[in-house]
Student: 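One structure, as structure tokens, below. Some questions next.
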There are 2 protein chains.
Amino acid sequence: MKDECKGDYVKLKDKVYPCSVSLTMDLVGGKWKAVILYHLIDGKKRFSELCREMPTVTEMTLSLQLKQLEKDGLVSRRVFGKKPPIKVVYSLTGFGMSFIPVLESITKWGNQVVNEKGEFVNGPS
Amino acid sequence: MKDECKGDYVKLKDKVYPCSVSLTMDLVGGKWKAVILYHLIDGKKRFSELCREMPTVTEMTLSLQLKQLEKDGLVSRRVFGKKPPIKVVYSLTGFGMSFIPVLESITKWGNQVVNEKGEFVNGPS
DNA sequence: CGGTATCCCCCAAGATACTG
DNA sequence: CAGTATCTTGGGGGATACCG
């Protein structure tokens, strides 16, 4: 039963998806993952830096999402120091970097949408 | 990278997002929206066709997601007939079509991932 | 500093049954 | 044919407090 490409299933780490779009959305979908990856495009960042750059995400959610991204191999986490002033640095892995073109595509479209139908705002207030 | 104002907020229909990536994920994120749009790339489809092409989505969820996509202006819904053998056709709007490049980018990346780390499967399971 | 531990709410999404 | 109507559940995501 040879279907078209669209009908084929794809499998990654014991999870089966109906198509590669579905797989992508599982890896980088959700409310924050793509945003996090976007903020890591320009290099490694500390946890607190990410917090500052994404003030609308709670620490807990950020931590959780980072962990999932790390588990899926998109982000790497390196720890410096052992006593309470610890330093943790996150960065894109090679795999994560391979996603940059998609992120740029997403950003570009989002900006277009805002330009045509929305508006840019300058403060949280 | 031209977009240096990553800290700016964007607004669309009374909703405020921390960045355009966040906006995009709100419009086409979730488990199925992007998949639905993907299946509409090659032209208009009836509800039952979409059901058949996406057997892992329930009718209810499909209906719900289509309604949201319609509300956000990405998909158009046209009804033919008024008595029980009704025919409803869904298609991408111009706005929806503007998202095709992003979908292609997503598909391409997903396929790469499967090629390098996963596998293609031919049957359901 | 960089998280966890809890607790909680909401809603996406599924199952099943029914209808104009 | 193309959906609704309910009901249920899982887990994403937030708030707050605390810890190594």
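Sequence lines set the chain letters: A, B, ... in the order given, protein chains first and strands last, and positions in each chain run from 1.
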Student: Consider side chain to side chain contact (heavy atoms under 4.5 Å, CB included). Of A:Leu12, A:Thr24, A:Leu23, which one does B:Val114 pass it with?
Tutor: A:Leu23

Student: Determine, step by step, whether B:Phe95 and A:Trp109 satisfy the ring pair (Phe, Tyr, Trp, His ring centres under 6.0 Å) criterion, reporting the C-alpha distance in whole Å, the side-chain angles of both residues, the deciding distance to 0.1 Å, and the verdict.
Tutor: CA-CA 10 Å; B:Phe95 184 34; A:Trp109 187 77; 5.4 Å; yes

Student: Would you say C:dG14 has OP1 or OP2 under 4.0 Å from some side-chain N or O of B:Thr61?
Tutor: yes

Student: Between A:Ile86 and A:Met60, which has a closest nucleotide on DNA chain D that is more 5'?
Tutor: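 Residue closer to the 5' terminus by nearest nucleotide: A:Met60.
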
Student: Nearest of C:dG2, C:dG20, C:dA13 to any side-chain atom of B:Pro84?
Tutor: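 Shortest atom-to-atom distance from the side chain points to C:dG20.
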
Student: What is the separation between atom CG on A:Leu62 and atom C1' on D:dT16, rounded to the nearest whole Å?
Tutor: 17 Å

Student: Just the rounded figure in Å: distance from C1' of C:dT19 to CZ of B:Phe47.
Tutor: 14 Å

Student: Same hydrophobic cluster for B:Ile41 and B:Val28, using side-chain heavy-atom links shorter than 4.5 Å among ILVMFWY?
Tutor: yes

Student: Indicate, with a heavy-atom threshold strictly under 4.0 Å, whether B:Lys83 touches base, sugar-phosphate, or nothing.
Tutor: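 Nothing, no nucleic acid heavy atom in range.
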
Student: Between D:dG14, C:dG3, C:dG14, which nucleotide has the shortest distance from any of its atoms to the side chain of A:Tyr90?
Tutor: C:dG3

Student: Over how many whole Å does the gap from B:Glu49 atom CD to D:dC1 atom C1' extend?
Tutor: 12 Å

Student: Is A:Phe47 linked to A:Val79 within one hydrophobic cluster, defined over Ile, Leu, Val, Met, Phe, Trp and Tyr using a side-chain heavy-atom separation of less than 4.5 Å?
Tutor: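 Same hydrophobic cluster.
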
Student: Please determine whether a side-chain nitrogen or oxygen atom of A:Arg77 lies at a distance below 4.0 Å from atom OP1 or OP2 of C:dG2.
Tutor: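 False: A:Arg77 side-chain N/O out of range (4.0 Å or more) of C:dG2 OP1/OP2.
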
Student: B:Ile36 CD1 to D:dG3 P: how many Å, rounded?
Tutor: 12 Å

Student: Using whole Å, what does the distance between atom C1' of nucleotide C:dT6 and atom CD of A:Glu59 come to?
Tutor: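 Answer to the nearest Å: 15 Å.
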
Student: Please pick, from D:dG3, C:dG3, C:dG20, the nucleotide with the shortest atom-to-atom distance to any side-chain atom of A:Ser63.
Tutor: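 From the listed options, C:dG3 comes nearest.
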
Student: Looking for any heavy atom pair under 4.0 Å, which part of the strands does B:Lys67 touch: base, sugar-phosphate only, or nothing?
Tutor: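 Contact class for B:Lys67: sugar-phosphate only.
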
Student: D:dG3, C:dG14, D:dA2: which one has an atom nearest the side-chain heavy atoms of B:Lys87?
Tutor: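 Nucleotide nearest to B:Lys87's side chain: D:dA2.
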
Student: Nearest-Å distance, CD (A:Glu70) to P (C:dG3)?
Tutor: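 So the CD-P distance, A:Glu70 to C:dG3, works out to 9 Å.
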
Student: Look at the side-chain N and O atoms of A:Arg46 and state whether any lies under 4.0 Å from the OP1 or OP2 oxygen of C:dC1.
Tutor: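 Answer no for this pair, as no side-chain N or O of A:Arg46 is under 4.0 Å from OP1 or OP2.
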
Student: When the nearest nucleotide of DNA chain D is assigned to A:Gln65 and to B:Ser48 on a heavy-atom basis, which residue is associated with the more 5' position?
Tutor: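 Its nucleotide being nearer the 5' end, the pick is B:Ser48.
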
Student: Just to be sure I understand the rule, does B:Phe80 reach a base, reach only the sugar-phosphate, or reach nothing, if contact means heavy atoms closer than 4.0 Å?
Tutor: nothing

Student: Nearest whole Å is fine: how far is C:dC11 P from B:Gln68 CD?
Tutor: 11 Å

Student: Rounded at 0.5 Å granularity, tell me how far CG in B:Leu40 sits from CG in B:Leu66.
Tutor: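 Here the rounded value is 7.0 Å.
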
Student: To the nearest Å, how far apart are B:Leu64 CG and D:dA5 P?
Tutor: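 After rounding, the reported distance stands at 12 Å.
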
